[in-house]
Amino acid sequence: MALTLEVVGKGFRLKSADNKREFDVSPAQAKAWQEILDRRAREQGLKNSEELLANVKIAVPEAGDSQFKIGKENNLSDADTMLMIDGNVQFSNPDLINAYHEGSLKPDFVLVPTMKPEGAPTAIDALKAPSSTADHRKAAVRTYLGQHSGNVEERTNAAAALMDSRADFGSPEMQEARLKEIMDVLVEPYEGEATRKGIIEALKQHSWSSTDSKGLDEKQVDSLISGHARAAYGIQ
């Protein structure tokens with residue numbers, strides 16, 4: 001599976017989809033990659049790499065990857081995968097992308113659109129509004145998750161996508177409170193401890209996007225999830 005590029009402070013790192021492998025990125029690589037991403041941003045009509053990374057996920061191929069495979073790995077429909085391929089104008093052939101080699105200054109970056117689940121903007125608006133009440137926020141999240149309740153996995157993935165918007169919720173203290181509210185709504189329908197534990201484990205395995213200086217980083221989010229699981233649901 002393709003690696004995912006993450007922003008860490010002023011640099012980058014690569015993580016495998018299962019979070020079991022991580023590649024450090026040297027300062028020389030970071031400088032070269034920044035220039036490539038700035039160029040990719042301009043090709044997309046955006047100002048710079050910061051604006052690009054706010055709108056897309058960056059996948060870095062390993063052996064055997066193609067853009068078609070990357071699209072499926074990111075749960076894109078066939079139509080959205082074709083749009084993704086059309087948008088990656090740097091590749092003349094979607095199958096001719098090079099596997100990453102540690103230390104590479106010019107890896108192939110595949111821009112993957114971030115598909116926000118239907119209803120998420122309304123829920124985010126409620127979560128970030130300083131004047132909103134807990135009941136109002138939870139009602140918005142409940143409606144949003146209700147649109148993605150085909151099964152536990154779908155509901156959990158939808159909640160994770162919403163939680164990834166934490167930088168929009170305000171200060172770190174507000175982010176922490178809002179994430180707890182989302183988790184509470186997420187587990188409400190399930191009384192079984194095994195199901196609730198499975199949800200928490202899925203959230204902990206999620207590859208959380210970095211917020212840089214805007215609040216909680218991924219380690220803090222994981223710690224928050226674990227702590228709240230123990231306190232609210234009795235899950236160790």
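Note that these values count all heavy atoms, side chains included, but never hydrogens, waters or copies made by symmetry.
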Residue pair [X] / [Y], side-chain heavy-atom distance below 4.5 Å:
{"X": "Lys31", "Y": "Pro27", "answer": "no"}
{"X": "Val56", "Y": "Val112", "answer": "no"}
{"X": "Lys138", "Y": "Asp135", "answer": "no"}
{"X": "Met183", "Y": "Met163", "answer": "yes"}
{"X": "Leu145", "Y": "Leu186", "answer": "yes"}
{"X": "Arg166", "Y": "Leu216", "answer": "yes"}
{"X": "Asp222", "Y": "Leu203", "answer": "no"}
{"X": "Tyr233", "Y": "His228", "answer": "yes"}

Looking at [atom1] of [X] and [atom2] of [Y], how far apart are the two atoms once the value is rounded to the nearest 0.5 Å?
{"X": "Ile70", "Y": "Thr4", "atom1": "CD1", "atom2": "OG1", "value": "9.5 Å"}
{"X": "Asn48", "Y": "Leu37", "atom1": "CG", "atom2": "CG", "value": "10.5 Å"}
{"X": "Leu127", "Y": "Ser165", "atom1": "CG", "atom2": "OG", "value": "9.0 Å"}
{"X": "Ile200", "Y": "Gln205", "atom1": "CD1", "atom2": "CD", "value": "12.5 Å"}
{"X": "Leu105", "Y": "Ser26", "atom1": "CG", "atom2": "OG", "value": "7.0 Å"}
{"X": "Ile97", "Y": "Gln67", "atom1": "CD1", "atom2": "CD", "value": "5.5 Å"}

Mind telling me whether Phe12 and Trp33 have parallel, tilted or perpendicular rings, with 30° and 60° as the class edges?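 Rings of Trp33 and Phe12: tilted, 30 to 60°.
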Test side chain to side chain contact (heavy atoms under 4.5 Å, CB included) on Phe109 and Arg39 and set out the steps. CA-CA 11 Å; Phe109 291 130; Arg39 188 159 60 248; over 6 Å; no
If you look at every heavy atom in [X] and [Y], which pair is closest and at what distance?
{"X": "Gly71", "Y": "Met84", "result": "N-CE, 4.1 Å"}
{"X": "Asp108", "Y": "Pro61", "result": "O-CD, 3.0 Å"}
{"X": "His148", "Y": "Ala158", "result": "CB-CB, 3.6 Å"}
{"X": "Tyr144", "Y": "Ala159", "result": "OH-N, 4.2 Å"}
{"X": "Ala202", "Y": "Thr156", "result": "CB-CG2, 3.9 Å"}
{"X": "Ala140", "Y": "Ala126", "result": "CB-CB, 3.6 Å"}

For a side chain to side chain contact (heavy atoms under 4.5 Å, CB included) check, start with the C-alpha distance between Phe91 and Ile85, then their side-chain angles and the critical distance, and finish with the verdict. CA-CA 8 Å; Phe91 303 120; Ile85 291 170; over 6 Å; no
Kindly determine whether Asn157 and His206 satisfy side chain to side chain donor-acceptor pair (under 3.5 Å), including the steps that lead there. CA-CA 9 Å; Asn157 287 340; His206 182 70; over 6 Å; no
Full working for side chain to side chain contact (heavy atoms under 4.5 Å, CB included) between Glu22 and Ser16: CA-CA 6 Å; Glu22 189 173 298; Ser16 61; over 6 Å; no
So, the side chain of [X] versus the backbone of [Y]: is there a donor-acceptor pair under 3.5 Å, distance only?
{"X": "Gln175", "Y": "Gly170", "result": "yes"}
{"X": "Asp95", "Y": "Ser66", "result": "no"}
{"X": "Ser226", "Y": "Ser223", "result": "no"}
{"X": "Thr143", "Y": "Ala139", "result": "yes"}

Restricting to side-chain hydrogen bond (donor to acceptor under 3.5 Å, both in side chains), what partner residues turn up for Gln90, sequence neighbours left out?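 In terms of side-chain hydrogen bond (donor to acceptor under 3.5 Å, both in side chains), with neighbours along the sequence ignored, Gln90 is linked to Asn88.
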Give a yes or no on whether a salt bridge exists between Glu176 and Lys180, defined as a side-chain N under 4.0 angstrom from a carboxylate O.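 Answer for the salt bridge query: yes.
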Is Glu181 salt-bridged to Arg137, cutoff N-O under 4.0 Å?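 Salt bridge between Glu181 and Arg137, a charged N being under 4.0 Å from a carboxylate O: yes.
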Ignoring hydrogens and geometry beyond distance, is a side-chain donor-acceptor pair present between Gln29 and Ser104 at under 3.5 Å?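 Side-chain D/A pair, Gln29 to Ser104: absent.
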With sequence neighbours excluded, residues passing ring-ring contact (aromatic ring centres under 6.0 Å, His included) with Phe23: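 By the ring-ring contact (aromatic ring centres under 6.0 Å, His included) rule, Phe23 matches Tyr100.
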Using a cut-off of 6.0 Å, state whether more than 12 heavy atoms not belonging to Glu153 lie near its atom CD.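 No, not enclosed.
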Verify the neighbour count for atom NZ of Lys15: are there more than 12 heavy atoms of other residues, nucleotides or ligands below 6.0 Å?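 Enclosed.
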Could you walk me through whether Val152 and Ile199 pass side chain to side chain contact (heavy atoms under 4.5 Å, CB included), step by step? CA-CA 8 Å; Val152 176; Ile199 290 171; 3.7 Å; yes
Of all pairs that satisfy salt bridge (charged side-chain N to carboxylate O under 4.0 Å, His left out), the ones with a partner from residues 52-65, not counting sequence neighbours: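 Pairs touching residues 52-65 that pass the test: Arg21-Glu62, Asp65-Lys69.
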Ile124 reachable from Met174 in the ILVMFWY side-chain graph, under 4.5 Å edges: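 Not linked; separate clusters.
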After noting the C-alpha distance and the side-chain angles of Arg196 and Glu193, does the key distance pass the salt bridge (Lys or Arg N to Asp or Glu O under 4.0 Å) rule? CA-CA 5 Å; Arg196 288 187 169 188; Glu193 182 179 351; over 6 Å; no
